[in-house]
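Notes follow once the structure below has been shown.
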Amino acid sequence: MTMQMKSPAFAQNSKIPRKLTCDGEDLSPQLSWTGVPQAAKSLAIIMDDPDAPAGLWVHWVLYDLPASLPGLPEGLAKTEALENGAKQGLCWGVRDEDFDRVGYHGPCPPPGAPHRYFFRLYALDKALGLSSKATKAQVERAMKGHVLAEAELVGIYQR
């Protein structure tokens, strides 16, 4: 079975609702997934925008989610650690040294062309064990060689 991720808030390649963006309440979307390999020990989610003028803009880094989780509710806290044991990394920018926010920070593109927001789910054969506030680059380095499966959900937002 192939791992899949979806959201009741928006379908693949469709508009992300305003309440999930900086123009609304900036809530993280409800997400669910299926097909997580039985050998998975943890999950990670990275959300980014490849269409940002400054370069690949990182919006969310979430890791060490329990592999048994079937999904996430809408509106996760913007805290370093979640009740389920997951950790949230630093985000909101292009370069690691610029990152200063923890948790989900939704679409907030400049006016103009629509931007694509990639939500990527990774099933891993181990917990990463990184401290809170790890960057996307640190999480990706720790995941190298440990990804069992991936799923992707793409949303669109335009101002």
Side-chain angles (χ1 to χ4, degrees), residues 1-7 9-13 16 20 26-52 54-109 115-157:
M1 177 189 264
T2 303
M3 194 165 72
Q4 296 181 337
M5 179 172 47
K6 63 183 179 176
S7 175
F10 61 96
Q12 179 76 313
N13 294 312
I16 295 173
L20 305 178
D26 206 20
L27 300 172
S28 62
Q30 179 182 341
L31 298 170
S32 63
W33 44 80
T34 57
V36 174
Q38 287 189 342
K41 304 287 189 241
S42 75
L43 302 169
I45 295 174
I46 296 174
M47 176 200 171
D48 52 34
D49 170 8
D51 302 318
L56 186 69
W57 195 275
V58 180
H59 285 266
W60 197 15
V61 178
L62 180 59
Y63 49 98
D64 286 349
L65 285 158
S68 59
L69 274 182
L72 296 171
E74 181 180 84
L76 287 181
K78 294 179 191 311
T79 57
E80 293 177 25
L82 300 177
E83 290 179 15
N84 60 22
K87 297 177 188 129
Q88 297 194 86
L90 289 172
C91 64
W92 197 248
V94 175
R95 295 176 304 278
D96 286 356
E97 60 271 13
D98 295 337
F99 297 166
D100 62 356
R101 297 183 187 184
V102 171
Y104 174 88
H105 294 277
C108 198
H115 285 224
R116 297 166 297 153
Y117 295 87
F118 288 77
F119 293 79
R120 291 182 181 94
L121 173 68
Y122 302 91
L124 308 168
D125 66 5
K126 70 173 195 166
L128 298 180
L130 298 169
S131 63
S132 298
K133 295 185 170 183
T135 63
K136 175 185 173 184
Q138 291 168 326
V139 169
E140 287 179 332
R141 275 193 302 273
M143 289 191 316
K144 191 170 183 162
H146 298 284
V147 177
L148 300 173
E150 297 179 35
E152 182 179 272
L153 176 64
V154 179
I156 310 293
Y157 193 69

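We count residues from 1, following the sequence as given.
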Inset, instruction - Please examine the side chains of Ile156 and Arg116, heavy atoms only from C-beta on, and report whether any two atoms are closer than 4.5 Å. - result: yes

Legend entry - Check: Thr135 side chain, Leu90 main-chain N or O, donor-acceptor pair, under 3.5 Å: no

Inset, instruction - Please report the closest heavy-atom contact between Ser42 and Ala127, naming both atoms and the distance. - result: OG-CA, 3.5 Å

Legend entry - Passing candidate, side chain to side chain contact (heavy atoms under 4.5 Å, CB included) with Leu153, options Gln12, Arg120, Met47: Gln12

Legend entry - Minimum side-chain heavy-atom gap Leu65-Tyr122 below 4.5 Å: no

Legend entry - Chi angles and distances behind the side-chain contact (heavy atoms from CB on, under 4.5 Å) call for Leu31, Leu121: CA-CA 10 Å; Leu31 298 170; Leu121 173 68; over 6 Å; no

Legend entry - Spacing of OH belonging to Tyr117 relative to CG belonging to Asp49, to within rounding of 0.5 Å: 4.0 Å

Inset, instruction - Grab the two heavy atoms, one from Gly155 and one from Phe10, that are nearest each other, plus how far apart they are. - result: CA-CE1, 3.7 Å

Legend entry - Tyr157 side chain reached by Leu20 side chain, heavy atoms, under 4.5 Å: no

Inset, instruction - State, with a plain yes or no, whether a side-chain heavy atom of Glu80 is found less than 4.5 Å away from one of Lys133. - result: yes

Legend entry - Student check: side-chain heavy atoms of Lys6 and Ser32 closer than 4.5 Å: yes

Legend entry - Donor-acceptor under 3.5 Å (Tyr63 side chain, Ala134 main chain): yes

Inset, instruction - I would like to know whether Val61 and Gln138 meet side-chain contact (heavy atoms from CB on, under 4.5 Å); could you show each step before the answer? - result: CA-CA 10 Å; Val61 178; Gln138 291 168 326; over 6 Å; no

Legend entry - Closest non-hydrogen atom pair, Cys108 against His59: N-CE1, 4.3 Å

Inset, instruction - Provide the full list of salt bridge (charged side-chain N to carboxylate O under 4.0 Å, His left out) pairs with a residue in residues 62-72, sequence neighbours left out, each pair given once. - result: Asp64-Lys87

Inset, instruction - Would you name the heavy atoms of Ala123 and Val36 that are closest together and state the gap between them? - result: CB-CG1, 4.3 Å

Inset, instruction - Begin with the C-alpha distance, continue with both residues' side-chain angles, and end with the deciding distance and a verdict on side-chain contact (heavy atoms from CB on, under 4.5 Å) for Lys41 and His146. - result: CA-CA 10 Å; Lys41 304 287 189 241; His146 298 284; over 6 Å; no

Legend entry - Side-chain donor/acceptor of Gln4 to backbone N/O of Ala151, under 3.5 Å: no

Legend entry - Distance-minimising heavy-atom pair for Leu76 and Leu62: CD1-CD2, 4.2 Å

Inset, instruction - Only counting residues at least two apart or in another chain, list the ones meeting ring-ring contact (aromatic ring centres under 6.0 Å, His included) with Tyr104. - result: Trp60

Legend entry - Side-chain heavy atoms of Ser28 within contact of Phe119, under 4.5 Å: no

Legend entry - Test item: Cys91 and Lys136 side chains (from C-beta on) under 4.5 Å apart, heavy atoms: no

Inset, instruction - Taking all heavy atoms of Asp98 and all of Arg95, pick out the closest pair and write down the distance. - result: OD2-NH2, 2.5 Å

Legend entry - Trp57 side chain vs Pro107 backbone, donor-acceptor pair below 3.5 Å: no

Inset, instruction - Enter the distance from Met3:CE to Leu43:CG here, rounded to the nearest 0.5 Å. - result: 7.0 Å

Legend entry - Pairwise distance CG(Leu82) to CD(Gln88) - rounded to 0.5 angstrom: 4.5 Å

Inset, instruction - Please examine the side chains of Val94 and Leu56, heavy atoms only from C-beta on, and report whether any two atoms are closer than 4.5 Å. - result: no

Inset, instruction - Go through Leu72 and Trp33 one step at a time and tell me if the side-chain contact (heavy atoms from CB on, under 4.5 Å) criterion holds. - result: CA-CA 9 Å; Leu72 296 171; Trp33 44 80; 3.7 Å; yes

